[in-house]
Protein chains: 2
Amino acid sequence: MSDPDDSEVYWWRPLEGESEQDTRTKILFSAYKEIHVNGFQAASLNNILAHTGVTKGALYHHFPNKTELGYAVIEEVIADRIFRSFIEPLNKAEDPVQGLISLIEEAGNAFSLRDIQLGCPLGSLAQEMAPIDEGFRLRLNAIYELWHEAIVKGIEKARQSGRLIDEVQSGQVAVMVVAAMEGCISTGMISQDLNRLQYCGEAIIQYLNLIQKKQAKGK
Amino acid sequence: MSDPDDSEVYWWRPLEGESEQDTRTKILFSAYKEIHVNGFQAASLNNILAHTGVTKGALYHHFPNKTELGYAVIEEVIADRIFRSFIEPLNKAEDPVQGLISLIEEAGNAFSLRDIQLGCPLGSLAQEMAPIDEGFRLRLNAIYELWHEAIVKGIEKARQSGRLIDEVQSGQVAVMVVAAMEGCISTGMISQDLNRLQYCGEAIIQYLNLIQKKQAKGK
DNA sequence: GTTGACATACCTACCGGTCGGTATTATAAA
DNA sequence: TTTATAATACCGACCGGTAGGTATGTCAAC
């Protein structure tokens with residue numbers, strides 16, 4: 001049931017273990033895409049249904065209303081994707097700062113033109129819904145909080161092993177990195193220019209290098 | 001015709017020379033606020049009208065359709081505000097980097113709780129509309145472009161007077177600053193925490209200090 | 001024969017947009 | 001100075017369409 005160009009969109013790539021077998025999951029993923037493209041408020045249930053072949057009865061059997069469907073998309077689709085793509089790799093990284101740099105480089109290369117048209121599903125939804133629905137805000141904020149903490153932990157680790165300059169605070173770096181990365185994707189989206197996205201990514205990497213102590217490096 | 005709490009919102013403060021005398025301007029400002037709160041797609045013309053006392057006939061006399069009203073809001077309200085608040089002060093600043101720092105500090109202090117609930121009108125609209133309407137994207141991108149260029153010019157000026165470290169590129173710093181500032185407001189909005197907004201602002205300032213050459217300073 | 005998993009038909013509220021009409025002002029000929 | 005004309009600014013009832021949501025029915029599995 002997935003469009004032919006699904007794999008072209010970084011954010012829509014099927015992840016390991018994800019197979020749209022049951023009706024509920026079908027709805028969830030179709031809603032995820034529709035919301036990513038149109039935003040939550042403009043997302044049409046009939047559209048979501050039309051893309052899956054599922055009927056309205058089935059939808060309202062699994063979800064009490066549109067809002068709860070939105071919540072489920074955040075909790076069961078978006079959270080998982082952010083975790084697997086941005087948080088887990090960071091927790092597992094030997095050198096967290098280097099891990100962060102690799103993450104940014106990989107994302108910069110993985111994004112297609114369609115990706116920068118659409119922007120980050122987490123960021124877009126947050127921008128739209130945080131001001132008008134507390135349920136959305138809380139759920140989205142929880143994801144950001146997780147991401148933030150992973151970066152704090154990583155930076156703190158680097159700091160304690162003496163690789164960072166003294167004037168730097170882990171929390172501040174983490175906030176900065178999250179903000180810059182979100183802003184970086186926005187910048188790419190609005191300019192619709194992949195080069196600018198990558199250029200901005202390089203600027204973040206440069207920042208990450210600035211806060212590291214200078215040492216004899218090959219480069 | 002303005003709400004009592006209008007002056008509480010940084011983005012809704014009446015600017016010098018702005019007086020809502022004629023019908024067209026009334027509609028424009030009401031639409032600006034409605035769009036800022038609900039987004040463009042969810043903005044209701046009837047709501048916009050109800051807040052002004054203007055009728056639908058008047059609206060469609062001045063604007064051919066909702067989309068063109070949205071374009072007018074960008075070109076005549078948002079662009080002007082961004083220019084006056086973020087671009088002009090930068091162009092006029094003696095020391096542009098210091099000017100940038102002041103700007104960030106002032107914004108951090110000026111934002112109310114309501115402001116960080118709503119987020120940046122430019123950023124929110126860009127997130128929502130850039131992917132789905134090229135007319136919006138182009139107009140919003142033009143504003144970002146202006147802002148970006150102002151920062152490039154400022155950084156370049158500082159660089160040429162030898163105040164910046166050598167490894168830094170003006171364009172890269174500008175991209176980074178724009179991204180970080182947008183992301184900073186997003187972060188504040190999602191966490192709904194003024195402290196975090198300011199904390200993030202300080203991180204940007206720290207970055208700006210990192211790219212400046214160290215010199216004997218009073219501080 | 002009850003329950004879960006749907007399918008179908010339908011409801012109402014509200015959306016952007018239209019359209020015939022009117023009040024006010026500007027222009028200008030008589 | 002009056003009066004005919006015309007453009008501007010505005011009014012508000014109304015329209016088709018779509019939105020989210022519901023009521024009722026079907027049917028296989030246990």
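In the text below, chain A, chain B and the rest are named by the order of the sequence lines, each starting its count at 1. Only a predicted model underlies this, so the values are computations on that prediction, with no experimental measurement involved.
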Inset, instruction - Take the protein atom CG of A:Leu69 and the nucleotide atom C1' of D:dA19, then report the distance between them rounded to whole Å. - result: 15 Å
Inset, instruction - Would you mind reading off the distance between B:Ile48 atom CD1 and C:dC15 atom P, rounded to a whole angstrom? - result: 11 Å
Legend entry - Euclidean distance, atom CG of residue B:Leu49 to atom P of C:dC14 [Å, nearest integer]: 16 Å
Inset, instruction - Produce a footprint string for nucleotides 20-30 of chain D: one letter per nucleotide, 5' end first; B if the base is under 4.0 Å from any protein heavy atom, S if only the sugar-phosphate is, - if neither. - result: BBB--------
Inset, instruction - Spell out, as yes or no, whether a donor-acceptor pair under 3.5 Å connects the side chain of B:Glu68 to the backbone of B:Phe63. - result: no
Inset, instruction - Give a yes/no answer on whether the side chain of B:His61 brings an N or O atom under 4.0 Å of OP1 or OP2 in D:dA9. - result: yes
Legend entry - Cation-pi check, A:Arg13 onto A:Tyr10 ring (under 6.0 Å, within 45° of axis): yes
Legend entry - Separation of C:dG4 P from A:Arg24 CZ (nearest whole Å): 16 Å
Inset, instruction - Give the rounded distance in Å between these two atoms: CD1 of A:Ile27 and C1' of C:dA5. - result: 11 Å
Inset, instruction - With B:Lys66 as the cation and B:Tyr60 as the aromatic partner, state whether NZ or CZ is under 6.0 Å from the six-membered ring centre and within 45° of the axis. - result: no
Legend entry - SB check B:Glu145 B:Arg137 (cutoff 4.0 Å): no
Inset, instruction - Indicate whether OP1 or OP2 belonging to D:dC10 is found under 4.0 Å from a side-chain N or O atom of B:His62. - result: yes
Legend entry - Polar side chain donor-acceptor pair, B:Asp133 to B:Tyr71, under 3.5 angstrom: yes
Inset, instruction - Test A:Ser186 against B:Glu182 for side-chain contact (heavy atoms from CB on, under 4.5 Å), laying out the working first. - result: CA-CA 8 Å; A:Ser186 291; B:Glu182 279 294 342; 5.5 Å; no
Legend entry - Short side-chain N/O contact to C:dC6 OP1/OP2 from A:Thr23, under 4.0 Å: yes
